[in-house]
Student: 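Just dropping this structure here.
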Amino acid sequence: MMKGFKVISFLFVAFFVVAFLAACNSSSTGGSSKGVSVGIVLPTKDEPRWVQDEQRFKDALADSEYTTEILFSQGSSAKEKENVETLLNKGIDVLIISPHDGEAAGAAVEAAKKDGVTVIAYDRLITNTDAVDYYVTFDSIAVGAAQAQYLVDNTNGSGVPLYLYAGAASDNNAFLFFEGAWSVLQPKIADGTFKIANSSEAIALQDKPELTRDEMSKILGQVTTNWDPNEAINKAQTHLTAAGADMKGDVAILAPNDGTSRSIADTFAADSEISSYIITGQDAEKASIQYIIDGKQSMTVFKDVRTLVTDAMGMAVDILDGKTPETTGTYDNGEIEVKAKQTDVIVVDQANVKEELIDSEYYEASEFTGL
Ligand code: BGC
């Protein structure tokens with residue numbers, strides 16, 4: 001009798017354990033369940049670029065049957081790892097992540113892989129790990145090439161002082177942007193159109209059409225902004241203080257993105273020996289669109305985040321549905337060739353700002369003055 005009860009209670013408990021596990025499992029996959037199926041981790045809320053991505057994800061997901069959660073890492077790899085762990089605990093099946101530091105993020109995505117999660121690198125590649133399944137990105141080499149081409153097309157004469165600035169060395173994109181820019185600028189430095197004003201390392205390498213990553217690192221070591229507008233101001237001030245009269249006048253400035261472009265532009269505008277400047281940017285941040293309308297920033301490279309979000313979510317949904325996502329090429333991350341989907345970029349300046357950003361309904365005209 002006692003024995004029979006024990007068997008029945010064992011079966012009873014076993015039934016509940018199985019039922020409980022089944023419930024947990026379904027809550028992590030089903031769209032209508034309480035778990036989170038897609039986790040999204042973005043680098044920082046301090047830059048409008050990434051707040052823009054958050055909003056575009058929210059817009060795209062408004063009617064989705066899948067549950068998602070977006071967390072920000074605030075420029076910290078430790079916080080990023082914590083975010084990934086939080087999402088793993090919520091049972092995600094797909095992780096979309098734009099790393100703060102491409103190499104340091106390896107540990108976070110390796111933890112995700114161990115949990116059976118599919119990892120999609122978003123805009124920034126995660127390097128030196130095999131724990132990345134897919135990469136959705138803009139054509140970052142084309143971004144740098146477009147910035148450089150704009151400087152070439154909009155400066156006159158020869159011996160134009162050229163100020164170089166770059167992104168953070170912890171971001172693989174900073175190298176791609178610089179590589180693209182160098183491919184266009186180097187021949188124009190070699191033929192005397194430009195003279196480099198602010199980097200002895202770049203001057204030492206100016207005869208080389210193609211640079212290795214180590215060579216680019218040396219230049220970035222001198223001209224990085226770390227993607228930080230304040231660091232950009234400090235560097236620009238230091239460079240202007242050190243520059244002789246032959247490096248002033250009408251100048252060209254390669255600024256890597258909009259946030260740093262505005263602060264570098266303000267610093268150059270405040271120098272009485274600078275008579276005019278052409279300056280680049282990227283991201284089509286609202287503040288920079290206003291700067292372009294006002295003639296304070298020359299151009300930006302518009303990266304339509306709506307497309308990137310659609311591609312990333314399309315991939316995630318394919319994975320959740322058991323399908324293989326479509327890719328258009330691969331990116332070498334130092335360890336593996338990561339399957340990638342790439343999107344084109346558009347150069348925007350005063351001439352086409354209305355057409356590309358207002359008529360395309362990316363922004364509303366009422367958000368700007370003097371359009
Ligand atoms: C992104 C840029 C952004 C920069 C700074 C890069 O990886 O591609 O759009 O401006 O990071 O956040």
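Read the numbers this way: they start at 1 and go in the same order the structure lists the ligands and their atoms. All values derive from a computational prediction rather than experimental measurement. FYI, side chains are in, hydrogens and waters are out, and symmetry mates aren't considered; it's all heavy atoms of this structure.
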Student: Mind listing the side-chain donor-acceptor pairs of residues 252-262 below 3.5 Å, one per line with the distance, residues two or more places apart or on another chain?
Tutor:
{"residue": "Asn257", "atom": "OD1", "partner": "Thr260", "partner atom": "N", "Å": "3.1"}
{"residue": "Asn257", "atom": "OD1", "partner": "Thr260", "partner atom": "OG1", "Å": "2.7"}
{"residue": "Asp258", "atom": "OD1", "partner": "Gln282", "partner atom": "N", "Å": "2.9"}
{"residue": "Asp258", "atom": "OD1", "partner": "Gln297", "partner atom": "NE2", "Å": "3.0"}
{"residue": "Asp258", "atom": "OD1", "partner": "Thr300", "partner atom": "OG1", "Å": "2.9"}
{"residue": "Asp258", "atom": "OD2", "partner": "Ala284", "partner atom": "N", "Å": "2.9"}
{"residue": "Asp258", "atom": "OD2", "partner": "Glu285", "partner atom": "N", "Å": "2.8"}
{"residue": "Asp258", "atom": "OD2", "partner": "Thr300", "partner atom": "OG1", "Å": "3.1"}
{"residue": "Thr260", "atom": "OG1", "partner": "Asn257", "partner atom": "N", "Å": "3.4"}
{"residue": "Thr260", "atom": "OG1", "partner": "Asn257", "partner atom": "O", "Å": "3.1"}
{"residue": "Ser261", "atom": "OG", "partner": "Thr280", "partner atom": "O", "Å": "2.7"}
{"residue": "Arg262", "atom": "NH1", "partner": "Glu285", "partner atom": "OE1", "Å": "3.1"}
{"residue": "Arg262", "atom": "NH1", "partner": "Ser288", "partner atom": "OG", "Å": "2.8"}
{"residue": "Arg262", "atom": "NH2", "partner": "Glu285", "partner atom": "OE1", "Å": "3.1"}

Student: Regarding Thr129 and Glu110, is there a side-chain donor-to-acceptor distance under 3.5 Å anywhere?
Tutor: yes
Student: Filter on ring pair (Phe, Tyr, Trp, His ring centres under 6.0 Å), then keep only pairs touching residues 349-368, sequence neighbours left out; what's left?
Tutor: Phe302-Tyr362, Tyr363-Phe368
Student: If I take atom CD from residue Gln342 and atom CG from residue Asp139, how far apart are they, to the nearest 0.5 angstrom?
Tutor: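 That separation rounds to 4.0 Å.
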Student: Pairs of donor and acceptor atoms involving the side chains of residues 95-106, under 3.5 Å and at least two apart or interchain, shall be tabulated with distances.
Tutor:
{"residue": "Ser98", "atom": "OG", "partner": "Tyr122", "partner atom": "O", "Å": "2.9"}
{"residue": "His100", "atom": "NE2", "partner": "Gly75", "partner atom": "O", "Å": "3.2"}
{"residue": "Asp101", "atom": "OD1", "partner": "Glu103", "partner atom": "N", "Å": "3.0"}
{"residue": "Asp101", "atom": "OD1", "partner": "Ala104", "partner atom": "N", "Å": "3.0"}
{"residue": "Glu103", "atom": "OE1", "partner": "Asn128", "partner atom": "ND2", "Å": "3.2"}
{"residue": "Glu103", "atom": "OE2", "partner": "Asn128", "partner atom": "ND2", "Å": "3.4"}

Student: Short N or O contacts of ligand 1 with protein, under 3.5 Å, listed by atom name?
Tutor:
{"residue": "ligand 1", "atom": "7 (O)", "partner": "Arg124", "partner atom": "NE", "Å": "2.8"}
{"residue": "ligand 1", "atom": "7 (O)", "partner": "Asp171", "partner atom": "OD2", "Å": "2.6"}
{"residue": "ligand 1", "atom": "7 (O)", "partner": "Asn173", "partner atom": "ND2", "Å": "2.9"}
{"residue": "ligand 1", "atom": "8 (O)", "partner": "Asp123", "partner atom": "OD1", "Å": "2.7"}
{"residue": "ligand 1", "atom": "8 (O)", "partner": "Asn173", "partner atom": "ND2", "Å": "3.2"}
{"residue": "ligand 1", "atom": "8 (O)", "partner": "Lys303", "partner atom": "NZ", "Å": "2.9"}
{"residue": "ligand 1", "atom": "9 (O)", "partner": "Arg49", "partner atom": "NH1", "Å": "2.7"}
{"residue": "ligand 1", "atom": "9 (O)", "partner": "Asp283", "partner atom": "OD1", "Å": "2.6"}
{"residue": "ligand 1", "atom": "9 (O)", "partner": "Lys303", "partner atom": "NZ", "Å": "3.0"}
{"residue": "ligand 1", "atom": "10 (O)", "partner": "Asn257", "partner atom": "ND2", "Å": "2.9"}
{"residue": "ligand 1", "atom": "10 (O)", "partner": "Asp283", "partner atom": "OD2", "Å": "2.6"}
{"residue": "ligand 1", "atom": "11 (O)", "partner": "Arg124", "partner atom": "NE", "Å": "3.4"}
{"residue": "ligand 1", "atom": "11 (O)", "partner": "Arg124", "partner atom": "NH2", "Å": "2.9"}
{"residue": "ligand 1", "atom": "11 (O)", "partner": "Asp171", "partner atom": "OD2", "Å": "3.4"}
{"residue": "ligand 1", "atom": "12 (O)", "partner": "Glu47", "partner atom": "OE1", "Å": "2.5"}
{"residue": "ligand 1", "atom": "12 (O)", "partner": "Trp50", "partner atom": "NE1", "Å": "2.9"}
{"residue": "ligand 1", "atom": "12 (O)", "partner": "Arg124", "partner atom": "NH2", "Å": "2.9"}

Student: For the residue pair Gln222 and Ser199, confirm or rule out a side-chain donor-acceptor distance under 3.5 Å.
Tutor: yes
